[in-house]
Amino acid sequence: MAQKTHPTGFRLIIQKNWGSVWFDDKNYAKLLQQDEKIRNLLYQMIGSAGIDEITISRSNNDVSIDLRVARPGLVIGRGGAMIEAVKKQLASIIEGRIRLNVVEVPNVDLSPALVAENITGALERRYPYKRAVSGALKKVMDSGAKGVRIVLAGRLDGNTIARTEKFYEGSVPTSTLTADVKYAYRFAKTKKGTVGVKVWITQPEKKEKR
């Protein structure tokens, strides 16, 4: 059996950072479970806004949550009503001060989480998976990505036997630490069963400012 490693964990410290930026000797397990509850609540309440990344930072009686979303207007709501409702629900989980920072994703097609969500949404609407994937590949490459890899696994097109299909475009180095590769995994709940969707995107090189 092949040995696999998580693309984000493989590049921690070198290029990536943790999703929970804190440490506690005594209450580590309790706070880790609390972070999971926070993420589940945010996906449940504002998942339609297209969540790319959630970063949770902690200090003394202070919890800061950084949200990268595709549509920040849905998070804020009319007159700030939605964001206040989210803070109210978070207050039932978190003890202390809550800071919720909303940042817009500059390019949606370079986010593997949002690309995977678009594909899973198409599969749940009974859209042909090959057409959904080919459209996603074209959009990602047109956005300037150096490469993209998409893997689908499950009962594709409702077949009785599950299988795995892989789609490539460009270069996606899996063992190069210097390459900025972002990864996300989502799953589509179809009537015929669950289909897993994995997306790797090699980000374009950042131009250094002189």
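Quantities reported herein were computed from a predicted structural model and do not represent experimental measurements.
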A.B. asks: Would you be so kind as to tabulate the donor-acceptor pairs closer than 3.5 Å made by side chains of residues 168-185, with sequence neighbours excluded?
C.D. replies:
from, atom 1, to, atom 2, distance (Å)
Y168, OH, R149, NE, 3.4
D180, OD1, K16, NZ, 2.7

A.B. asks: Quick check: do N101 and S64 have side-chain heavy atoms less than 4.5 Å from each other?
C.D. replies: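 Yes, close enough: below the 4.5 Å cut-off.
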
A.B. asks: Please report the interatomic distance CD1(I54) to CG(L42), rounded to the nearest 0.5 Å.
C.D. replies: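 With rounding to 0.5 Å, CD1 (I54) is 5.0 Å from CG (L42).
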
A.B. asks: Donor-acceptor pair, distance only, cut-off 3.5 Å: does the side chain of R155 make one with the backbone of N159?
C.D. replies: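 Here the side-chain-to-backbone pair exists.
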
A.B. asks: Would a distance-only check, ignoring hydrogens and angles, find a side-chain to backbone donor-acceptor pair under 3.5 Å from R11 to P7?
C.D. replies: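 Yes, because the side chain of R11 sits within donor-acceptor range (under 3.5 Å) of the backbone of P7.
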
A.B. asks: Looking at D24 and K26, would you say the former's side chain and the latter's main chain have a donor-acceptor pair under 3.5 Å?
C.D. replies: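 It does hold such a pair.
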
A.B. asks: Ignoring hydrogens and geometry beyond distance, is a side-chain donor-acceptor pair present between R39 and Q34 at under 3.5 Å?
C.D. replies: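 No, Q34 and R39 have no side-chain donor paired with an acceptor closer than 3.5 Å.
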
A.B. asks: About how many Å separate OH of Y129 and CD1 of I150, when rounded to the nearest 0.5 Å?
C.D. replies: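 One finds 13.0 Å between CD1 of I150 and OH of Y129.
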
A.B. asks: Please tabulate, one pair per line, all N/O donor-acceptor pairs under 3.5 Å involving side-chain atoms of residues 112-119, not counting sequence neighbours.
C.D. replies:
from, atom 1, to, atom 2, distance (Å)
N118, ND2, L114, O, 3.2

A.B. asks: Return the minimal non-hydrogen interatomic distance between T120 and F187, and the atom names on each side.
C.D. replies: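 Result for this residue pair: CG2-C, 3.9 Å.
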
A.B. asks: Going hydrophobic residue to hydrophobic residue with side-chain gaps under 4.5 angstrom, can you get from V199 over to V69?
C.D. replies: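 No, because V199 and V69 fall into different hydrophobic clusters, even though each may have its own neighbours under 4.5 Å.
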
A.B. asks: Please round to the nearest 0.5 Å and tell me the distance separating atom CG of L110 and atom NZ of K139.
C.D. replies: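 So the gap between those two atoms works out to 13.0 Å.
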
A.B. asks: Using a 3.5 Å distance criterion without hydrogens, assess whether the side chain of R58 forms a donor-acceptor pair with backbone atoms of W22.
C.D. replies: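 A pair under 3.5 Å: no.
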
A.B. asks: Can you measure from CD (E165) to CG (D157) and round to the nearest 0.5 angstrom?
C.D. replies: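 The CD atom of E165 sits 8.5 Å away from the CG atom of D157.
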
A.B. asks: Identify every side-chain donor-acceptor pair in residues 71-95 under 3.5 Å, counting partners at least two apart or on other chains, and give the distances.
C.D. replies:
from, atom 1, to, atom 2, distance (Å)
R71, NE, S48, O, 3.4
R71, NH2, S48, O, 2.4
S92, OG, Q89, O, 2.5

A.B. asks: So E104 and R68, salt bridge (charged side-chain N to carboxylate O under 4.0 Å, His left out) or not? Walk me through it.
C.D. replies: CA-CA 6 Å; E104 185 177 3; R68 283 172 52 89; over 6 Å; no

A.B. asks: Could you tell me the separation between the CD1 atom of I65 and the CG atom of L41, rounded to the nearest 0.5 Å?
C.D. replies: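 The CG atom of L41 is 9.0 Å from CD1 of I65, to the nearest 0.5 Å.
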
A.B. asks: Only one of D66, V63, D62 forms a side-chain contact (heavy atoms from CB on, under 4.5 Å) with R99, so which one is it?
C.D. replies: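 That would be D62.
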
